[in-house]
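Written below as structure tokens is the structure these notes are about.
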Amino acid sequence: MAKEKIILTGDRPTGKLHIGHYVGSLKRRVELQNSGLYDKIFIFIADAQALTDNIDNPEKVRQNVIEVALDYLACGLDPAKSTIFIQSQIPELCELTSYYMDLVTVSRLQRNPTVKTEIQMRNFETSIPVGFFTYPISQAADITAFRATTVPVGEDQEPMLEQAREIVRRFNNIYGETLIEPEILLPENAACLRLPGIDGKAKMSKSLGNCIYLSEEPDEIKKKIMSMYTDPGHIRINDPGKIENNTVFIYLDAFCKQEHFGRYLPDYNNLAELKAHYKRGGLGDVKVKCFLNAILQEELEPIRERRNKFSKDIPAIYEILKKGSETARATAADTLSEVRKAMKINYFDDLELISEQEKRYKSKQN
Ligand code: ATP
Ligand code: MG
């Protein structure tokens with residue numbers, strides 16, 4: 001039988017989802033969901049992971065579960081095609097995590113570059129919660145519990161995927177072929193790998209407060225775009241401008257399509273022409289920002305409208321999450337039972353073990 005193609009990915013409920021999530025992973029998930037090429041799709045809200053660095057703020061995590069779920073549905077994730085669930089409702093994941101912990105060294109975890117940056121960002125220094133430090137291991141549990149083959153995520157997740165693959169290889173080596181090695185699926189468009197924040201910082205991130213949220217109102221989107229970081233050396237319109245590290249142009253790389261020029265900026269044929277003019281000098285930031293604003297408004301309006309519709313029936317959203325969590329739990333329990341069997345800790349459902357031991361002792365007694 002051909003290996004099943006299974007997608008797993010998720011988001012931390014530490015805030016509403018932003019356009020970095022959208023281009024880094026969410027948009028792709030919806031395309032993959034609708035492609036019909038995958039046998040199963042699991043999408044989860046990583047509340048247990050969010051608690052690892054928000055342990056004193058459970059209300060924030062609780063409130064954002066529903067926000068993330070609404071963002072999912074607004075973007076087109078469909079519970080009829082994808083299992084959407086809440087991480088903490090699957091206790092099997094904790095058990096898997098604890099077994100995987102024996103397969104990873106402390107120094108291996110310390111080398112994870114994403115975790116290193118996140119520790120700095122959160123000023124943890126010497127007070128790193130153990131659960132936060134080990135979250136790459138619990139992420140390996142999330143991925144393998146659902147036998148995921150494909151994990152569509154942004155570039156910051158690359159070290160997590162590598163860690164998960166190492167755990168799978170080590171586990172299978174010791175205990176026999178049990179777990180599936182997942183593949184990362186990064187955005188094809190380089191600008192989407194790690195979308196910068198509106199402040200020009202390396203990553204748009206809920207924790208940095210430099211985001212344009214998917215649910216943002218039109219005037220707020222415009223205000224944020226107008227305040228965006230561009231080229232600090234481009235002071236007068238006629239000064240030559242830089243495209244590199246210019247957030248407005250990075251967002252255009254991420255969102256602009258050919259047809260947008262006809263609709264919103266007919267003086268130019270394509271992005272290359274617009275960039276060339278900016279570099280030459282004579283093109284002002286405001287004009288470029290207005291163009292970006294038109295594009296983002298067009299992209300976000302239908303998402304916002306669908307979100308508003310879904311938010312009219314909140315109990316139905318919790319019901320989707322509950323059903324999804326039940327389905328997900330059954331799958332995770334199946335994997336856990338295979339893991340226990342492979343690790344030889346399935347004492348009570350292994351009838352052979354009992355009769356073998358019985359025989360061994362009987363032969364001693366005779
Ligand atoms: P937090 O600050 O709480 O970690 P976050 O904004 O980094 O939040 P996550 O929930 O950690 O968001 O990430 C969810 C998914 O979105 C991951 O696949 C991640 O790679 C992707 N992602 C997050 N931020 C970006 C970004 N700026 N560009 C591209 N992808 C992103
Ligand atoms: Mg993150």
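Numbering of residues begins at 1 and proceeds along the displayed sequence. Below, all heavy atoms of this structure are taken into account, side chains as well, without hydrogens, waters or symmetry copies. We count ligands from 1, going down the list as the structure has it; atoms in each ligand are counted the same way.
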**Asked** Is the number of heavy atoms from other residues, nucleotides or ligands under 6.0 Å of I354 CD1 greater than 12?
**Response** yes
**Message:** For a ring pair (Phe, Tyr, Trp, His ring centres under 6.0 Å) check, start with the C-alpha distance between Y72 and F44, then their side-chain angles and the critical distance, and finish with the verdict.
**Reply:** CA-CA 10 Å; Y72 282 172; F44 72 104; 9.3 Å; no
**Prompt:** Hey, does K206 come in under 3.5 Å of ligand 1, counting only N/O atoms on both sides?
**Reply:** yes
**Message:** Tell me whether ligand 1 is touched by P196 - counting only heavy atoms on the residue side and a distance under 4.0 Å.
**Reply:** no
**Prompt:** Is the backbone N or O of I6 less than 3.5 Å from a side-chain atom of D39, with the two atoms forming a donor-acceptor pair by type?
**Reply:** no
**Request:** May I ask you to identify the nearest protein heavy atom to atom 17 (C) of ligand 1, giving residue, atom name and distance to one decimal place in Å?
**Result:** Q157 CG, 4.0 Å
**Asked** Taking N or O atoms only and a 3.5 Å limit, does K203 qualify as a polar contact for ligand 1?
**Response** yes
**Request:** Kindly say whether the aromatic ring centers of Y278 and Y268 come within a distance under 6.0 Å.
**Result:** no
**Complete:** of all protein heavy atoms, closest to atom 19 (C) of ligand 1 is D156 OD1, 3.4 Å
**Message:** Regarding atom 12 (O) of ligand 1: of the candidates R194, R12, H21, M121, which has the closest heavy atom?
**Reply:** H21
**Message:** For atom 3 (O) of ligand 1, tell me which residue out of T9, T14, I45 has the closest non-hydrogen atom.
**Reply:** T14
**Complete:** Contact region, C192 to ligand 1, non-hydrogen atoms below 4.0 Å, reads backbone
**Request:** Just let me know how L193 lines up against ligand 1, side chain, backbone, both or neither, with a heavy-atom cut-off below 4.0 Å.
**Result:** backbone
**Request:** Establish, yes or no, whether a centroid distance under 6.0 Å links the rings of F261 and F291.
**Result:** yes
**Asked** In the protein, which heavy atom is nearest to atom 28 (N) of ligand 1, and how far is it?
**Response** L195 N, 2.8 Å
**Request:** State whether K27 and E31 are salt-bridged, where the test is any N-O pair (Lys NZ or Arg NE/NH1/NH2 against Asp/Glu carboxylate O) under 4.0 Å.
**Result:** no
**Fill in**
Taking only non-hydrogen atoms of G10 and a 4.0 Å limit, the atoms of ligand 1 in range are 14 (C)
**Request:** Fit a plane to each ring of F171 and Y175, take the angle between them on a 0 to 90° scale, and name the class: parallel (under 30°), tilted (30 to 60°) or perpendicular (over 60°).
**Result:** tilted
**Prompt:** Identify the closest protein heavy atom to atom 31 (C) of ligand 1: which residue and atom is it, and at what distance?
**Reply:** G20 O, 3.6 Å
**Item:** Which segment of D11 sits under 4.0 Å of ligand 1 when only heavy atoms are counted
**Value:** both
**Prompt:** Mind checking whether M204 has an N or O less than 3.5 Å away from an N or O of ligand 1?
**Reply:** yes
**Prompt:** Does NZ belonging to K341 count more than 12 external heavy atoms closer than 6.0 Å?
**Reply:** no
**Item:** Spacing of CD belonging to E181 relative to CG belonging to N172, to within rounding of 0.5 Å
**Value:** 8.0 Å
**Message:** Less than 4.0 angstrom from a charged side-chain N to a carboxylate O is my criterion; do E220 and K223 meet it?
**Reply:** yes
**Prompt:** In ligand 1, which numbered atoms sit nearer than 4.0 Å to a non-hydrogen atom of G24?
**Reply:** 29 (C), 30 (N)
**Complete:** Quick note on ligand 1: atoms under 4.0 Å from a heavy atom of G154 include exactly 18 (O), 19 (C), 20 (O), 30 (N)
**Asked** Between E92 (side chain) and A145 (backbone), is there a donor-acceptor pair under 3.5 Å?
**Response** no
**Message:** Please report whether ligand 1 has a polar contact with S25, defined as an N or O pair separated by less than 3.5 Å (distance criterion only).
**Reply:** no
**Request:** Among all protein heavy atoms, pick out the one at the shortest distance from atom 2 (O) of ligand 1; state its residue, atom name and that distance to 0.1 Å.
**Result:** S207 OG, 2.6 Å
